[in-house]
Structures are given as structure tokens and as C-alpha cells.
Amino acid sequence: MTDVARLAQVSVMTVSRVLNDNPSVAPDTKVRVQEAMRRLNYTPNSLARGLVSGRSRTIGVITFDTSLYGPGASLLGIERAARERGYGVSIVTLPRPDRRSLTAALSSLAERAVDGVITVTPQITTANAIDELDGSLPLVSVEAGHRGAAPLVRVDQWSGARLAAEHLLDLGHHSVWHIAGPDDWFESRERIEGWRDALSDRGVAAPRLLRGDWSAASGYAAAQTILDDTKGVTAVFAGNDHMALGFMHAMFERGMTVPHPVSVVGFDDIPESGYFSPALTTVRQDFDEMGRRGVELLTAMLSGETVDRALVENVAPALVVRDSSAAPVGRS
């Protein structure tokens, strides 16, 4: 820091203020210090800074099954937002979505001296465990959670499901079948509610609900039931894009095409969805925005701001219309 201060012709205290993003530093002075740091290839010693400030500049993240697109994308969004604010990320993946695993994860992060924690745990059982925490670490939930347990940033799943179902009804389909995710996931339950409410508002009785586990294989299995046992199906809303892919594959095996006789809509807008054959109509979730808002809330708490535990910030979903949905045969 002394070398940086000498080259930038400022005091060591000014260098410290720049490192801590203190707003009192003049913009031109900040640029001069940052240029001196670059020229000297200076990297702050995070351990030493933590000893002085009492902060590690590290955010702990607790998540579950990052092989799934939603939790994995949320984690990436959090990491990007944290890095932009000068924070590192320490990740613990839960082996099971239960209280014991959550408690062990929090203990592990406390040992690493994280400043606060963000949870990406969309299962209801884990949210129940979060409700019972003692609040010793600042905590924000991203993606799902109970209202009031901790500040929550989430995509409005109910509205997203309505967008999907209403899109198909507006095309002229007389009903919409739904392949839902696991019962223990908040997103699954909220998407079911949005789908049912959209149909109810049009005076349409909801067909029998089918369930999957978010995998393409489970969408494929659900297709066997729908295509074998049901006549007149023209529209299916799958709980995520992978289950939509499995459903479409089952149709192709039978010599059927999409969107005729059956239109298919997914949820998530995974990077590959635009390259399905045909390209998949789906509901986009903005995981980067969720991560940004979650990190903003947590850093606000770390700065001493009061954030209501009951706060819920909803990120709006968006319908992405592609080639897998169309008016049923005989309608235009």
C-alpha cells in the first residue's frame, strides 16, 4: 500500500479508502490509485484486511443440487454480483434438504468467517429449517422460501405459469395439460397454482395433474400417460424445459410433430431451448437479476441498514414465444 500511495502521490489512508470503496474519495484520485495498483500488480491481502476491518469480504452460499439448471444459474448470478462488489463466495452444497444438513452448512460457513449467507434452497423442507435459525448471521434467501423467515428474492412463479397457460388458451386450445415438478419445491407448487388459476378464469376445468422430477426422462414418462390415455390433447405446459424436451422426444418416437397436433411450452429458458426442434416456447427466469438483488440486500444488511425479514422482491418472468406453440388444427 505504501508503494501504491507513493506512485499515486496520495496517502496510505487514501489507498485504504479506495480499497474499501469509500465514497469520500474524489473520482480522479480513485482512478489514479487504481492505475497505480495496476502498474504495480498490487493485490490486496484479504486476510490482513479482514483482521483490520473485522470483515472477510466473503459471502457464504448454501445451495442444493447445482446440477439442476435453476439452482446452478442462481448460484452463477450470485457469484457474478458478489465479485462486482468486491466479495468472494464460499459455497456449501447440502447433501439432503433437511435441518441437520442446513445446520452443518451454517457451522461450516461460520468457521470460514463469512460475513453473511445467501440460501438457494427451493425445497419446502429446507425453508422450514431456515425458519428455526437463530439469526446469528445475516441471511437472504434467493429463488424460494417462506415469507418472514428472511428477506426473499424470487421470480414470480405464479405469474410465469399464467403466462404459459394463457398463451396456449389465447391460441385457441380448449385446455392445457401440465407436467409439474416435485411436490416439495416451492416453484412446482406455485406454477401449479398459476396454471390452475389461468384455466379457472376462462371457465376451463383443470385436467389431471402429472408430476415429474425436473428431468427429461420424467417428461418422457409423463408423455406416455398423456398420449396413451387421453384423447384430444392439443396443449401441454411442462414445469421446466428439460421435461418439455422429454415430452417432445416421446412425441417424435410416435411419429407425431410439435406444434401439431400438440403444442408444448416449457419454463426456465435454458440456453439450449432455442435450439430444440422445434425451438421451444418457454418462460424466462432472470437468474442474474435474482443474484444481483440478493447480493444487494445482503450487503445492505452488512452495512448496517435495516432490512425487513418479511421483505419479498419479485422478479418478473417473461414469455418467450418460439415455434413449439401454435393454434390447434382448424384454428388460425
Which value, rounded to the nearest 0.5 Å, describes the distance between Glu111 atom CD and Ser90 atom OG?
11.0 Å
Nearest non-hydrogen partners of Val233 and Val262, listed with the distance:
O-CG2, 3.5 Å
Is the shortest side-chain N to carboxylate O distance from Asp115 to Arg57 below 4.0 Å?
no
Looking only at heavy atoms, which two atoms of Pro95 and Phe64 are closest? And how far apart?
O-CE1, 4.0 Å
Side-chain heavy atoms of Pro261 within contact of Val329, under 4.5 Å:
no
Nearest 0.5 angstrom please: Met248 CE to Ser324 OG, how far?
5.5 Å
Given side chains that start at C-beta, do those of Val61 and Val117 come closer than 4.5 Å, heavy atoms only?
no
Validation row: Arg38, Val33 side chains within 4.5 angstrom (heavy atoms):
no
Separation between OH of Tyr69 and CD1 of Ile270, rounded to the nearest 0.5 Å
7.5 Å
Side-chain heavy atoms of Val236 within contact of Val265, under 4.5 Å
no
Are any side-chain N or O atoms of Trp195 and backbone N or O atoms of Ala164, one a donor and one an acceptor, separated by less than 3.5 Å?
no
Are Leu19 and Leu7 grouped together when hydrophobic residues (ILVMFWY) are joined by side-chain heavy atoms under 4.5 angstrom apart?
yes
Arg154 and salt bridge (charged side-chain N to carboxylate O under 4.0 Å, His left out): which single residue from Glu190, Glu313, Glu143, Glu187 fits?
Glu190
Sub-4.5 Å side-chain heavy-atom contact between Asp288 and Arg80
yes
When rounded to the nearest 0.5 angstrom, what distance separates CG in Leu76 from CZ in Phe287?
11.0 Å
Nearest-0.5 Å distance that lies between atom CG in Asp228 and atom CD1 in Ile226
10.5 Å
Of all heavy-atom pairs linking Ile62 and Ala105, the shortest is CD1-CB, 3.9 Å
Verify, without hydrogens or angle tests, whether Ser325 (side chain) and Val264 (backbone) share a donor-acceptor contact under 3.5 angstrom.
no
Looking only at non-hydrogen atoms, find the nearest pair between Ser263 and Leu168 and report the distance.
CB-CD2, 3.8 Å
For a quick check under 3.5 Å, do Gln285 and Gln157 share a side-chain donor-acceptor pair by atom type?
yes
Look at the side chain of Arg112 and the backbone N and O of Gly60, then say whether any donor-acceptor pair between them is shorter than 3.5 Å.
no
Would you say that Thr63 contacts Thr93 through its side chain, given a criterion of any heavy-atom pair below 4.5 Å between the two side chains?
yes
Could you check whether Arg191 makes a cation-pi contact with Phe267, meaning its NZ or CZ is under 6.0 Å from the centre of the six-membered ring and within 45° of the ring axis?
yes
Any sub-3.5 Å donor-acceptor pair from Thr281's side-chain atoms to Val321's backbone N or O?
no
Test side-chain contact (heavy atoms from CB on, under 4.5 Å) applied to Val140 and Leu297, step by step:
CA-CA 7 Å; Val140 171; Leu297 282 176; 4.1 Å; yes
Quick check: does any side chain N or O of Ser200 sit under 3.5 Å from a backbone N or O of Arg196, one acting as donor and the other as acceptor?
no
If you apply the rule side-chain contact (heavy atoms from CB on, under 4.5 Å), what do you find for Val176 with His178, and how did you get there?
CA-CA 7 Å; Val176 179; His178 181 43; 5.9 Å; no
Rounded distance [0.5 Å steps], CG in Leu40 versus CD in Glu35
9.5 Å
Please say yes or no: joined through hydrophobic side-chain contacts below 4.5 Å, possibly via intermediate residues, are Phe237 and Phe186 part of one cluster?
no
With no hydrogens and no angle check, is any side-chain donor or acceptor of Ser101 less than 3.5 Å from a backbone partner on Arg96?
yes
Treating His174 as the side-chain partner and Gly232 as the backbone partner, does any N or O pair qualify as donor plus acceptor under 3.5 Å?
yes
Please name the residue in the list Val295, Val120, Ile78, Val142 that meets the side chain to side chain contact (heavy atoms under 4.5 Å, CB included) test with Met290.
Val142
Would you indicate whether Met256, at its atom CE, is surrounded by more than 12 heavy atoms from other residues, nucleotides or ligands within a distance under 6.0 Å?
yes
For Ser24 and Arg17 the tightest heavy-atom approach is OG-CD, 4.1 Å
Taking Glu296 first and then Arg85, would you say they form a salt bridge - that is, a charged N and a carboxylate O separated by under 4.0 Å?
yes
Apply side-chain hydrogen bond (donor to acceptor under 3.5 Å, both in side chains) to Arg254 and Gln224, showing your working.
CA-CA 10 Å; Arg254 294 168 179 246; Gln224 310 308 320; 2.8 Å; yes
Minimum heavy-atom distance Leu171-Pro328, with the two atoms named:
O-CD, 3.4 Å
Please check if atom CD in Gln9 has more than 12 non-hydrogen atoms from other residues, nucleotides or ligands closer than 6.0 Å.
no
Checking His242, Arg322, Arg284 against Ser273 for side-chain hydrogen bond (donor to acceptor under 3.5 Å, both in side chains), the one that qualifies is Arg322
Go through the steps to decide whether Val92 and Leu109 satisfy the test side-chain contact (heavy atoms from CB on, under 4.5 Å), and finish with yes or no.
CA-CA 8 Å; Val92 176; Leu109 291 173; 3.7 Å; yes
His249 and Tyr220 aromatic ring geometry - parallel, tilted or perpendicular at 30°/60° bounds:
tilted
Would you mind reporting whether Leu245 and Glu272 have side-chain heavy atoms less than 4.5 Å apart?
no
Cationic N near anionic O, under 4.0 Å, Arg162 to Asp201:
yes
Thr282 and side-chain hydrogen bond (donor to acceptor under 3.5 Å, both in side chains): which single residue from Asn240, Asp268, Asp241 fits?
Asp241
Please tell me whether Val283 and Leu199 are part of a single hydrophobic cluster in this structure, the criterion being side-chain heavy atoms less than 4.5 Å apart.
yes
Checking the side chain of Arg293 only, and the main-chain atoms of Val153 only, is there a donor and an acceptor separated by less than 3.5 Å?
no
Are the side chain of Ser108 and the backbone N or O of Ala104 linked by a donor-acceptor pair below 3.5 Å?
no
Measuring only between side-chain heavy atoms, which start at C-beta, is Tyr42 closer than 4.5 Å to Asp3?
no
Any chance CZ of Arg202 has more than 12 other-residue heavy atoms, nucleotides or ligands included, within less than 6.0 Å?
yes
Trp185 backbone acceptor or donor facing Ser188 side chain under 3.5 Å:
no
Taking atom types as modelled, find out whether Asp213 and Ser218 have a side-chain donor-acceptor pair closer than 3.5 angstrom.
yes
Same apolar cluster (I L V M F W Y, side chains within < 4.5 Å links), Leu75/Ile118:
yes
State plainly whether one hydrophobic cluster holds both Met13 and Val10, where clusters connect Ile, Leu, Val, Met, Phe, Trp and Tyr through side-chain heavy atoms under 4.5 angstrom apart.
no
Criterion salt bridge (Lys or Arg N to Asp or Glu O under 4.0 Å) on Arg83 and Glu79, from CA distance to verdict:
CA-CA 6 Å; Arg83 186 173 63 248; Glu79 194 277 332; 2.6 Å; yes
Determine, step by step, whether Val155 and Asn314 satisfy the side-chain contact (heavy atoms from CB on, under 4.5 Å) criterion, reporting the C-alpha distance in whole Å, the side-chain angles of both residues, the deciding distance to 0.1 Å, and the verdict.
CA-CA 5 Å; Val155 169; Asn314 284 313; over 6 Å; no
